[in-house]
Engineer: 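I'd like to ask some things about the structure below.
Just so you know, these numbers use all the heavy atoms, side chains as well, and skip hydrogens, waters and symmetry mates. Note that the structure is predicted; figures quoted are calculated from it, not measured. We number each residue from 1, following the sequence as shown.
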Amino acid sequence: MDTHSALYELGRRRLQSLRNLPQRHPHSLADKMAEFGLSRRDFLKWSAGVSSMLALPLPFSNLVAEAAELADRVPLIWLHMAECTGCSESLVRADTPNLDSLIFDQISLEYHETLMAAAGWQAEENLDHALETYKGNYLLAVEGAVPTANNGAFLTLGCKGRTGLELVRKAAAGAAAIVSVGTCASFGGVQAAYPNPTGAKGVHQVVDKTVINLGGCPPSEKNIVGTLMYFIMFGKLPALDIYNRPKWAYGARVHDNCDRRGHFDAGEFVEQFGDNNAKQGFCLYKVGCKGPYTYNNCPTERFNHHTSWPIQAGHGCMGCSEPNFWDEMADFERPLGRQTLHGLDATADTIGSVILGAAAVGIGAHAVASIFARGIEE
């Protein structure tokens with residue numbers, strides 16, 4: 001049996017087991033779709049799109065559709081640590097919801113501090129009940145870095161006075177899978193920037209289980225929902241890169257699929273924001289774009305219902321899905337210059353002389369010559 005056939009059979013068995021579980025949501029996904037004017041055709045197009053995004057053949061789209069309809073069978077506990085709630089905002093939309101936000105609304109969301117009505121002791125009881133009732137079966141999502149200095153006292157939560165560190169470890173112990181949503185939960189984010197007084201760390205640094213890292217500040221709603229769909233379909237983790245990010249979302253550099261890549265290869269650059277080159281949509285590398293060093297699917301998935309993304313809006317990539325980006329990618333409006341590139345044995349001012357055409361980072365010979373002939377300010 002080939003790999004795709006085996007995976008399809010795994011998904012089919014997994015979904016059958018979920019179908020035998022009780023429905024937790026009072027209304028079906030079809031009811032919710034009808035309420036917001038979304039047709040079955042819209043749903044099937046969405047399912048095909050998610051299958052493609054997950055690098056699965058088209059026949060898997062029926063598994064995606066079934067997984068979405070069974071999403072309320074999988075309990076989800078979502079914890080907030082040191083963060084701005086931007087990752088939740090990336091996913092949840094108050095108006096004109098699309099299928100991504102409806103799926104999130106449809107799942108069995110047992111605890112989410114931003115969305116739930118409960119507070120105080122009732123909220124604490126809901127969380128403890130979910131942790132115990134669904135132990136070993138729930139998906140744990142964590143948003144935000146975990147402060148560890150002074151035994152985590154910098155983030156003391158709720159009426160029971162538990163620290164974020166204590167809460168994450170307790171919830172992780174009973175989770176079937178753990179997802180760090182956003183760069184703060186994945187790698188510490190801005191909270192972990194020098195000098196990091198609270199000892200902020202990514203979730204994977206404080207628990208002893210494998211954690212899926214969805215880097216991004218914030219990650220797109222597609223990456224969040226896609227990861228959820230994968231877990232619902234197969235009950236296991238997707239293939240991960242060296243930073244435990246799903247390869248289907250973080251397998252290519254922003255630079256590889258950027259709309260402005262042709263201008264880079266042609267040596268056509270914005271020299272300063274607002275100049276005539278900027279108006280023509282030239283490459284933003286010389287004003288600090290970190291796309292050549294950043295792995296994410298922003299150019300293809302974009303944000304706000306696939307509307308736009310930072311480079312399309314006129315500002316270079318900040319490298320926000322990479323570990324320690326706040327320190328290592330700064331300053332955000334100048335090229336990296338002589339700083340060492342992630343995972344490479346070259347530096348930004350020697351790549352062209354090592355291999356023209358750029359096997360290392362995909363930089364075209366014309367672009368390299370143009371950049372260094374004009375003398376990038378370091």
Side-chain angles (χ1 to χ4, degrees), residues 7-36 38 40 42-44 46-47 50-51 54 60-80 88 91-92 97-119 121-143 167 170-179 181 209 212 221 224-238:
L7 188 61
Y8 189 93
E9 179 62 21
L10 174 65
R12 191 191 63 78
R13 292 198 305 268
R14 160 74 172 173
L15 294 178
Q16 182 57 48
S17 68
L18 291 181
R19 192 171 289 282
N20 294 331
L21 297 176
Q23 181 176 330
R24 294 191 178 95
H25 203 282
H27 303 290
S28 69
L29 179 59
D31 293 335
K32 296 288 289 185
M33 288 168 52
E35 180 182 347
F36 289 101
L38 293 167
R40 183 69 181 177
D42 294 327
F43 180 54
L44 294 177
W46 175 88
S47 301
V50 172
S51 298
L54 294 174
F60 278 78
S61 62
N62 66 326
L63 289 185
V64 173
E66 186 176 355
E69 292 169 336
L70 296 175
D72 68 322
R73 268 71 162 186
V74 178
L76 173 64
I77 295 174
W78 188 297
L79 299 180
H80 287 269
S88 289
L91 180 59
V92 180
N98 63 3
L99 273 158
D100 290 332
S101 54
L102 283 186
I103 295 300
F104 185 72
D105 184 55
Q106 190 70 14
I107 62 176
S108 179
L109 187 59
E110 302 297 325
Y111 185 87
H112 189 298
E113 292 165 8
T114 304
L115 301 179
M116 65 187 183
W121 287 104
Q122 183 184 16
E124 294 278 0
E125 290 170 3
N126 289 349
L127 176 58
D128 289 338
H129 176 267
L131 292 175
E132 186 59 34
T133 302
Y134 307 115
K135 187 174 182 179
N137 295 309
Y138 60 80
L139 176 63
L140 174 64
V142 183
E143 180 176 356
L167 193 54
K170 179 178 180 180
I178 307 168
V179 180
V181 183
K209 287 186 171 183
I212 305 172
E221 66 272 17
I224 301 171
V225 172
T227 301
L228 175 65
M229 287 295 98
Y230 195 98
F231 177 73
I232 293 175
M233 280 193 293
F234 304 117
K236 66 173 191 173
L237 308 181

Engineer: Step by step, work out the side-chain contact (heavy atoms from CB on, under 4.5 Å) result for Ile103 and Trp46.
Structural biologist: CA-CA 11 Å; Ile103 295 300; Trp46 175 88; 3.9 Å; yes
Engineer: side-chain contact (heavy atoms from CB on, under 4.5 Å) between Glu143 and Glu113: does it pass, once the steps are laid out?
Structural biologist: CA-CA 11 Å; Glu143 180 176 356; Glu113 292 165 8; over 6 Å; no
Engineer: As an exercise, state the distance from CG of Leu127 to NZ of Lys170, rounded to the nearest 0.5 Å.
Structural biologist: 7.0 Å
Engineer: Which atom names give the shortest non-hydrogen contact between Ser61 and Ser51, and what distance separates them?
Structural biologist: CA-OG, 3.0 Å
Engineer: Return yes if some donor-acceptor pair links the side-chain N/O of Lys209 with the main-chain N/O of Ala177 below 3.5 Å, else return no.
Structural biologist: no
Engineer: Please name the pair of heavy atoms, one in Val181 and one in Ala141, separated by the smallest distance, quoted to 0.1 Å.
Structural biologist: CG2-CB, 4.1 Å
Engineer: Using 0.5 Å steps for rounding, measure from the CG atom of Asp128 to the OG1 atom of Thr133.
Structural biologist: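 Here the rounded value is 10.0 Å.
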Engineer: Just how far is it from atom CZ of Phe231 to atom CD1 of Ile178, taken to the nearest 0.5 Å?
Structural biologist: 10.5 Å
Engineer: Measure from the side-chain N and O atoms of Asp72 to the backbone N and O of His25, and report whether any donor-acceptor pair falls under 3.5 Å.
Structural biologist: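 Looks like yes, one N/O pair under 3.5 Å.
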Engineer: Indicate yes or no: at least one non-hydrogen side-chain atom of Tyr134 is less than 4.5 angstrom from one of Val74.
Structural biologist: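 No, too far: nothing below the 4.5 Å cut-off.
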Engineer: Lys236 versus Arg14: any side-chain heavy-atom pair under 4.5 Å?
Structural biologist: no
Engineer: Let's go through Leu15 and Arg12 carefully: what are the C-alpha distance in whole Å and the side-chain angles of both, what is the deciding distance for side-chain contact (heavy atoms from CB on, under 4.5 Å) to 0.1 Å, and is it a yes or a no?
Structural biologist: CA-CA 5 Å; Leu15 294 178; Arg12 191 191 63 78; over 6 Å; no
Engineer: Would you say Gln106's side chain and His27's backbone share a donor-acceptor pair under 3.5 angstrom?
Structural biologist: yes
Engineer: Restricting to non-hydrogen atoms, name the atom on Leu139 and the atom on Val179 that form the minimum distance, rounded to 0.1 Å.
Structural biologist: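 Closest pair (atom of Leu139, atom of Val179, distance): CD1-CG2, 3.9 Å.
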Engineer: Quick one: do Asn20 and Ser17 satisfy side-chain hydrogen bond (donor to acceptor under 3.5 Å, both in side chains)? Show the steps, please.
Structural biologist: CA-CA 5 Å; Asn20 294 331; Ser17 68; over 6 Å; no
Engineer: Would you find a donor on one side and an acceptor on the other, under 3.5 Å apart, between the side chain of Tyr138 and the backbone of Ala171?
Structural biologist: yes
Engineer: Looking at CG of Leu99 and CG of Asp105, how far apart are the two atoms once the value is rounded to the nearest 0.5 Å?
Structural biologist: 12.0 Å
Engineer: Contact between Leu54 and Pro238 at the side-chain level, heavy atoms closer than 4.5 Å - yes or no?
Structural biologist: no
Engineer: What is the minimum heavy-atom distance between Met116 and Tyr111, and which atoms define it?
Structural biologist: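 Minimum heavy-atom separation between Met116 and Tyr111: CE-CE1, 3.4 Å.
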Engineer: If I take atom OG from residue Ser88 and atom CD1 from residue Ile224, how far apart are they, to the nearest 0.5 angstrom?
Structural biologist: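 These two atoms lie 7.5 Å from each other.
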Engineer: Report yes or no: does Asp31 contribute a side-chain atom to a donor-acceptor pair with the main-chain N or O of Ala34 at less than 3.5 Å?
Structural biologist: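 No; zero donor-acceptor contacts below 3.5 Å.
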Engineer: I need the minimum non-hydrogen distance between Gly136 and Ala176, along with the two atoms involved.
Structural biologist: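 Here Gly136 and Ala176 meet closest at O-CB, 3.6 Å.
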Engineer: Please report the shortest heavy-atom distance between Gln23 and Ser28, naming the atom on each side.
Structural biologist: NE2-N, 4.3 Å
Engineer: So Lys135 and Glu132, salt bridge (charged side-chain N to carboxylate O under 4.0 Å, His left out) or not? Walk me through it.
Structural biologist: CA-CA 5 Å; Lys135 187 174 182 179; Glu132 186 59 34; 5.2 Å; no
Engineer: Describe, in one word, how the ring planes of Trp78 and Phe104 are oriented to each other, choosing from parallel (under 30°), tilted (30 to 60°) and perpendicular (over 60°).
Structural biologist: perpendicular
Engineer: Only one of Leu102, Leu38, Leu29 clears side-chain contact (heavy atoms from CB on, under 4.5 Å) with Phe43; which?
Structural biologist: Leu29
Engineer: Quick one, His80 with Thr114, criterion side-chain contact (heavy atoms from CB on, under 4.5 Å). Give me CA distance, side-chain angles, the key distance, then yes/no.
Structural biologist: CA-CA 8 Å; His80 287 269; Thr114 304; 3.2 Å; yes
Engineer: From Ile107 CD1 over to Arg73 CZ, what is the distance, rounded to the nearest 0.5 angstrom?
Structural biologist: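 It is 14.0 Å, given to the nearest 0.5 Å.
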